[in-house]
Engineer: 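After the structure tokens below, expect a handful of questions from me.
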Number of protein chains: 2
Amino acid sequence: MRDNDQMPGHLARRFQQIAVAVFHAEVEAVGCDLTPVQYSALLAIHRHPGIDQITLAGLIAYDRTTITGVVDRLARKGLVTREVSGADRRARVLRMTPDGGRELCRVQPAVEAAQEVLLSGLSPAEAESFLELLRKAIGAVDGRSRAKLRPAIGATGERSG
Amino acid sequence: MRDNDQMPGHLARRFQQIAVAVFHAEVEAVGCDLTPVQYSALLAIHRHPGIDQITLAGLIAYDRTTITGVVDRLARKGLVTREVSGADRRARVLRMTPDGGRELCRVQPAVEAAQEVLLSGLSPAEAESFLELLRKAIGAVDGRSRAKLRPAIGATGERSG
DNA sequence: TACTGATCATCAGTATACGTCAATTCGAAC
DNA sequence: GTTCGAATTGACGTATACTGATGATCAGTA
């Protein structure tokens with residue numbers, strides 16, 4: 001039996017745990033109240049106005065049911081609007097409000113700072129190599145997070161909607 | 001604004017998300033019902049019989065309030081026992097049951113398999129380099145989260161204060 | 001004995017994450 | 001026009017994770 005620091009799964013959990021804490025600290029420091037997931041969603045909605053929730057989930061690799069709560073909280077803060085689509089009344093059309101735009105601009109430097117803190121233990125060359133390997137590792141097993149889901153539904157990230 | 005691919009925080013979340021899914025798949029395949037966190041806790045209790053919950057939390061870098069629920073579920077499955085310590089009536093002494101030992105043995109190959117799957121996109125040299133950088137990055141920012149890594153003081157997990 | 005501060009476990013509240021199921025709606029076949 | 005399969009969303013249950021608060025206990029002190 002290996003030690004915990006030999007287990008990529010454990011290290012992944014630990015790194016992500018710290019990443020969330022660092023994000024919270026940096027974002028709070030600039031007076032914003034956004035979680036990492038809420039930031040990702042807000043950014044995606046900004047880049048894809050009128051997106052529906054399923055497509056949004058695919059874009060940032062979230063579970064479909066998780067998006068409901070995330071969007072709910074963003075809407076409650078007045079950062080996005082969620083309206084029934086005219087073309088497809090099942091779908092909810094998501095748009096960023098002016099308040100959402102301001103919040104996104106305001107939080108941006110904090111997000112950048114958080115990413116730098118996370119890699120502060122590595123030299124620039126090491127950081128680059130680390131991200132490269134991380135992307136490579138993810139790429140090889142991407143789609144595994146859907147392994148237990150019914151196969152009929154589309155893959156994460158591509159819905160060409 | 002960077003793309004998600006350039007954000008270590010996002011990549012960390014994605015990698016961890018996949019790690020959990022792969023773990024679940026492999027563990028289910030051998031007929032076990034353990035989450036990654038439950039496995040870590042069970043292994044730590046096996047290695048430190050009589051450990052209390054706070055020390056356990058420090059060993060595997062969990063939040064102290066999370067441990068309550070994790071141990072609760074392990075106890076409900078009959079894999080560990082939780083009794084009030086004779087020396088310190090605030091503390092709960094944790095021990096693995098024979099059933100817990102059997103479950104741990106049975107799940108071990110699945111856990112190993114999951115770790116291999118996670119790194120399947122990397123060559124052995126790359127995998128080693130990746131884990132090295134991951135450990136280094138974590139080491140530099142460890143302590144930023146509420147759940148800090150704290151090595152056990154005594155061999156059996158006694159913390160004397 | 002009583003007070004004080006620290007420690008251990010737990011609970012309430014919030015948020016992420018996933019699976020299952022139900023309700024609604026859409027598109028297409030009948 | 002109604003029925004049927006598919007798709008979108010939401011509700012509910014379970015698990016992890018952290019903040020803040022509380023109760024119980026321990027150790028030290030007056």
Side-chain angles (χ1 to χ4, degrees), chain A residues 13-14 16-25 28 33-41 51-58 60-74 76-77 82-94 144-150 152-154 156 159 161, chain B residues 13-14 16-21 23-25 28 33-41 51-58 60-74 76-77 82-94 144-148 159-161:
Chain A
R13 187 191 66 84
R14 187 86 188 100
Q16 208 264 332
Q17 186 181 44
I18 295 169
V20 171
V22 168
F23 186 97
H24 268 121
E28 237 174 53
D33 175 31
L34 278 179
T35 67
V37 179
Q38 287 168 18
Y39 165 76
S40 273
I51 196 175
D52 68 295
Q53 294 187 182
I54 290 283
T55 309
L56 172 61
I60 47 187
Y62 288 0
D63 188 83
R64 291 159 180 76
T65 58
T66 303
I67 283 293
T68 299
V70 174
V71 169
D72 220 49
R73 287 180 277 277
L74 287 175
R76 210 184 311 145
K77 293 179 196 173
R82 175 173 43 176
E83 292 172 1
V84 173
S85 165
D88 183 344
R89 292 173 55 78
R90 293 170 301 183
R92 301 290 190 282
V93 164
L94 305 176
R144 292 263 186 175
S145 65
R146 296 287 178 189
K148 293 198 300 293
L149 204 58
R150 278 182 298 241
I153 303 174
T156 53
R159 265 173 44 87
Chain B
R13 188 191 66 82
R14 187 84 188 98
Q16 209 264 332
Q17 187 181 40
I18 295 169
V20 171
F23 186 97
H24 269 122
E28 239 175 50
D33 175 31
L34 278 179
T35 67
V37 178
Q38 287 167 18
Y39 165 76
S40 272
I51 196 174
D52 68 295
Q53 295 187 183
I54 287 281
T55 309
L56 172 61
I60 47 189
Y62 290 2
D63 188 83
R64 64 176 189 276
T65 59
T66 303
I67 282 292
T68 298
V70 173
V71 170
D72 220 50
R73 287 179 276 277
L74 287 176
R76 211 184 311 144
K77 292 179 196 172
R82 175 174 42 176
E83 292 171 1
V84 172
S85 165
D88 184 344
R89 293 173 55 78
R90 294 169 302 182
R92 301 290 189 279
V93 164
L94 305 176
R144 293 260 185 178
S145 75
R146 166 166 154 180
K148 296 169 180 49
R159 257 163 48 86
S160 68

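None of the values given here were measured: they were computed from a predicted structure.
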Engineer: Please identify which of these residues, Leu94(B), Leu34(B), Val37(B), meets the side-chain contact (heavy atoms from CB on, under 4.5 Å) condition with Leu74(B).
Structural biologist: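 Single side-chain contact (heavy atoms from CB on, under 4.5 Å) partner of Leu74(B) among Leu94(B), Leu34(B), Val37(B): Leu34(B).
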Engineer: Apply salt bridge (Lys or Arg N to Asp or Glu O under 4.0 Å) to Asp72(A) and Arg82(A), showing your working.
Structural biologist: CA-CA 9 Å; Asp72(A) 220 49; Arg82(A) 175 173 43 176; 2.5 Å; yes
Engineer: Base, sugar-phosphate alone, or nothing: which one does Val70(B) contact when heavy atoms must sit under 4.0 Å apart?
Structural biologist: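 Touches sugar-phosphate only.
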Engineer: Take the protein atom CG of Leu74(A) and the nucleotide atom P of dT14(C), then report the distance between them rounded to whole Å.
Structural biologist: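 Leu74(A) atom CG is separated from dT14(C) atom P by 17 Å.
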Engineer: Taking any strand in view, what nucleotide pairs with dA30(D) in a Watson-Crick or G-U wobble way, both distances under 3.5 Å?
Structural biologist: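 Its partner is dT1(C) (Watson-Crick or G-U wobble, both distances under 3.5 Å).
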Engineer: From the list dG10(D), dA15(C), dA9(C), which nucleotide is the closest neighbour of the side chain of Arg92(B)?
Structural biologist: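 My answer, after comparing the listed nucleotides, is dA9(C).
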Engineer: To the nearest Å, how far apart are Asp52(B) CG and dT10(C) P?
Structural biologist: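 Distance check: Asp52(B) CG to dT10(C) P gives 11 Å.
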Engineer: By the 4.0 Å heavy-atom rule, please label Thr68(B) as base, sugar-phosphate, or nothing.
Structural biologist: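 Base contact.
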Engineer: If you apply the rule side chain to side chain donor-acceptor pair (under 3.5 Å), what do you find for Asp88(B) with Ser85(B), and how did you get there?
Structural biologist: CA-CA 5 Å; Asp88(B) 184 344; Ser85(B) 165; over 6 Å; no
Engineer: Find the distance Arg64(A):CZ to dT20(C):P and express it as a whole number of Å.
Structural biologist: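 After rounding, the reported distance stands at 13 Å.
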Engineer: Quick check for you: among dG19(C), dT25(D), dA17(D), whose closest atom lies nearest to any side-chain atom of Arg13(A)?
Structural biologist: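 Ranking dG19(C), dT25(D), dA17(D) by closest atom to the Arg13(A) side chain puts dA17(D) first.
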Engineer: Please determine whether a side-chain nitrogen or oxygen atom of Gln16(A) lies at a distance below 4.0 Å from atom OP1 or OP2 of dT16(C).
Structural biologist: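 So the side-chain polar atoms of Gln16(A) never come under 4.0 Å of the phosphate oxygens OP1 or OP2 of dT16(C).
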Engineer: On DNA chain C, does the nearest nucleotide to Arg89(A) precede the nearest nucleotide to Arg76(A) from the 5' side, or the other way round? Give the residue.
Structural biologist: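 Result of the comparison: Arg76(A).
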Engineer: Leu56(B) CG to dT7(C) C1': how many Å, rounded?
Structural biologist: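 It is 16 Å, rounded to the nearest whole Å.
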Engineer: For the pair made of CZ in Arg14(B) and P in dA17(C), what is the distance, rounded to whole Å?
Structural biologist: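 Rounded to the whole Å, the gap is 11 Å.
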Engineer: At 4.0 Å (heavy atoms only), tell me whether Thr35(A) reaches a base, stays on the sugar-phosphate, or touches nothing.
Structural biologist: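 Answer is sugar-phosphate: Thr35(A) comes under 4.0 Å of backbone atoms only.
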Engineer: Can you tell me which nucleotide in dT9(D), dA9(C), dC26(D) comes closest to the side chain of Ala91(A)?
Structural biologist: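 Nearest nucleotide to the side chain: dT9(D).
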Engineer: Return no unless some side-chain N or O of Gln17(A) is found under 4.0 Å from OP1 or OP2 of dT16(D).
Structural biologist: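 Looking at the OP1 and OP2 atoms of dT16(D), neither is under 4.0 Å from any side-chain N or O of Gln17(A).
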Engineer: Could you check whether the side chain of Arg90(B) and the base of dA24(D) have a donor-acceptor pair of N or O atoms closer than 3.5 Å, going by distance alone?
Structural biologist: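 Checked by distance alone, the answer is no.
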Engineer: To the nearest Å, give me how far apart CD (Gln53(A)) and C1' (dT16(C)) are.
Structural biologist: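 After rounding, the gap between these two atoms is 16 Å.
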Engineer: With a 4.5 Å heavy-atom cut-off, do Val93(B) and Asp52(B) have their side chains touching?
Structural biologist: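 Counting from C-beta outward, Val93(B) and Asp52(B) never come under 4.5 Å.
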Engineer: Quickly work out the Leu34(A) CG to dT14(C) P distance and round it to whole Å.
Structural biologist: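 The distance from CG of Leu34(A) to P of dT14(C) comes to 17 Å, rounded to the nearest Å.
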Engineer: Please report, rounded to the nearest Å, how far the P atom of dT14(C) is from the CG atom of Asp33(A).
Structural biologist: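 Taking CG of Asp33(A) and P of dT14(C), I get 12 Å after rounding.
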Engineer: Evaluate the side chain to side chain donor-acceptor pair (under 3.5 Å) criterion for residues Gln17(B) and Arg14(B): first the C-alpha distance (whole Å), next the side-chain angles of each, then the deciding distance (0.1 Å), finally the verdict.
Structural biologist: CA-CA 5 Å; Gln17(B) 187 181 40; Arg14(B) 187 84 188 98; 2.6 Å; yes
